[in-house]
Amino acid sequence: MASVLVFQGAVIHSTGPEALEVLENATLVVTDGHISAFYKSHAEIPADAIPTTAQVHHLPQGDFLIPGFVDTHNHAPQWPMRGLGQGLHILDWLNEITFPVEARFADPEYATRVYEQTVADFLRQGITTASYYSSRHLEGTKILADICHRKGQRAFVGKCNMDRSAPDYICESSATASLRETEECIRHIRALPGCNNADTALIKPVVTPRFAISCTPELLQGLGEIVKRDDTLAIQTHFNEAQQEINATTELFPQFGGSEANLYESYGLLTARSILAHCTIMTDHEKERIGALKCGVAHCPVANMTVGGGFMVAPVRDFLRRGIKVGLGTDSGGGWASHMLAVIRQAMIASNAREVLSDGHDKGLSIEEVFYLATLGGAKVLCMEDRIGSFAVGKEFDAVWVATTTALQTAMTPREETDSLRRVFEKYVMTGDDRNVAHVYVRGRRVAGTRTGS
Ligand code: GUN
Ligand code: FE
């Protein structure tokens, strides 16, 4: 028999970059993890719409549902080093802080212990979908995919490719070995229960060249061939993150005239399924190319303003103006946040800086826009907007049940009786934290939350 869940109460989601739908008394019917009916008011509900066998949840006053957060850029092995090395330039930060930490994931026991906590923490923050870079280790990457699958987090999981410009203790031995392990990792993920269909899989593989600096031309070429043979595969890499990185890339690949768009395109790595992290220093040519090739941008403002090389502000308003897909990323280690609310707030701050830097030309982002980026915008970057990112009949039920009672003792601005729902939402987005996350659902399954039950 089908499992039917019904949620009645306040629902808030984005229907477009600036369009926030705020519903006081909606009803969502979830059948086997999929939204089978969505009534926007009581008056719309037909007499026999709710089966007698359904488990019905009534959201109390002040509680509301939002779509689960989509984290488009996340280094799982960096979760235990968040906050370290702030202020270092990117290549120094990698050598001094990051590589020694990632090297520990050669040990499957360490990987298991830390990834269990990592995935649980991101779920607790309401991140229902994450696009993960693992370390370069095959076994550790399989462990990460298995843990996401078991805990029920929707995820893209990629084994990092890095066969040069890294210390021996972490560098892969050859392009051939890196490619072989990448293919094995893809096979492993697709063999997980329910994951052999590229559309419906909960866990999906993603081809993950760390960045051009860490990959030989032979490796980039081989990864491009894997993607060409299988156009369902997503790709993720770092793209124009920082000046130090751009300079080193130009030195290693002088033939591309300083353009990372030309570089990655020439290896067949820019497609509609490419997730390009950071994109802070972008020429018009590069914006045009990634727009024309329908790539998505993973905007990581917390990382961009703490590690990497100063105060880097991605031109998000210009990306949106050009119709380029944009989502948000915690980045995990490149920064300090495992919660999307921090990234949302920093995206607003970064956009205000951009407004000043552009003499008012690139207006700051509104709360509607940053919330869109964290949900539906991210879903688009992952080419999953038909399944997640907002509530609609046919989509899967990935959601956060937000609680705002003052008794929770969270950092959130207290809700007052006279507050409109829109106002409570704004208080939560700007000041709430994980203690406001009562329940988290992925495909209808409860996977985390501070309240027991349901
Ligand atoms: N560039 C290459 N690797 C990394 C990484 O791990 N984090 C960040 N922020 N940038 C990178
Ligand atoms: Fe990163």
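Atoms within a ligand are numbered from 1 in the order they appear, just like the ligands themselves. The structure displayed is predicted, hence computed values, not measured ones. We use all heavy atoms of the structure for the numbers below, so side chains are in, but hydrogens, waters and symmetry mates are not.
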Does any N or O of ligand 1 fall below 3.5 Å from an N or O anywhere on T98, backbone included?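 N/O-N/O distance below 3.5 Å does not exist for this pair.
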Considering the options W79, Y110, F105, which one meets the ring-ring contact (aromatic ring centres under 6.0 Å, His included) requirement together with Y115?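 The passing option is F105.
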Do [Y] and [X] meet the salt-bridge criterion of a basic N to acidic O distance under 4.0 Å?
| X | Y | answer |
| --- | --- | --- |
| E172 | R210 | no |
| D230 | R190 | yes |
| K287 | D318 | yes |

For H278 and H299, I'd like to know if the aromatic rings sit close, meaning centre-to-centre distance below 6.0 Å.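 H278 vs H299: aromatic centres not under 6.0 Å.
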Taking the six-membered ring where the residue is Trp, are the ring centres of H73 and Y132 under 6.0 Å apart?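 Judged by ring-centre distance (under 6.0 Å), H73 and Y132 do not meet the cut-off.
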Restricting to N/O/S atoms, is [X] within less than 2.8 Å of the Fe ion (ligand 2) or not?
| X | answer |
| --- | --- |
| C300 | no |
| H278 | no |
| E241 | no |

Using a 4.0 Å heavy-atom cut-off, which part of I213 comes near ligand 1: side chain, backbone, both, or neither?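 Looking at I213 and ligand 1, no heavy atom falls under 4.0 Å.
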What part of V307, side chain, backbone, both or neither, has a heavy atom within less than 4.0 angstrom of ligand 1?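 Near ligand 1, V307 shows nothing, with every heavy atom at 4.0 Å or more.
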Specify the protein heavy atom at minimum distance from atom 9 (N) of ligand 1: its residue, its atom name, and the distance to 0.1 Å.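 The answer is E241 OE2, 2.9 Å.
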How far is atom 3 (N) of ligand 1 from its nearest protein heavy atom, and which residue and atom is that?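 Protein heavy atom at minimum distance: R210 NE, 2.8 Å.
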How far apart are the C-alpha atoms of E265 and R289, what are their side-chain angles, what is the distance that settles it, and do they pass the salt bridge (charged side-chain N to carboxylate O under 4.0 Å, His left out) test? CA-CA 9 Å; E265 185 178 359; R289 287 319 297 152; 2.9 Å; yes
For the metal site, I want the angle between atom NE2 of H73 and atom NE2 of H75 with the Fe ion (ligand 2) at the apex, to 10°.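 Taking the Fe ion (ligand 2) as the apex, the two atoms subtend 100°.
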Mind running ring pair (Phe, Tyr, Trp, His ring centres under 6.0 Å) on Y441 and F7 for me, showing each step along the way? CA-CA 12 Å; Y441 298 90; F7 297 88; 5.2 Å; yes
So is E245 touching ligand 1 or not, going by heavy atoms under 4.0 Å?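 No.
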Determine, using heavy atoms of W93 and all atoms of ligand 1, whether some pair is separated by less than 4.0 Å.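 For ligand 1, residue contact (heavy atoms, under 4.0 Å) with W93 is present.
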Atoms of ligand 1 less than 4.0 Å from Q78 heavy atoms?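 Contacts of ligand 1 toward Q78, numbered from 1: 5 (C), 6 (O).
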Looking at L94, which atoms of ligand 1 are within less than 4.0 Å of one of its heavy atoms?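 Per the distance check, 2 (C), 3 (N), 4 (C), 5 (C), 6 (O).
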For N/O/S atoms only: which one belongs to D331 and is nearest the Fe ion (ligand 2)?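 Nearest to the Fe ion (ligand 2) within D331's N, O and S set: OD1.
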With under 30° as parallel and over 60° as perpendicular, where do the rings of F253 and F256 fit, or are they tilted in between?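 Because their plane-to-plane angle lies in the 30° to 60° range, the rings of F253 and F256 count as tilted.
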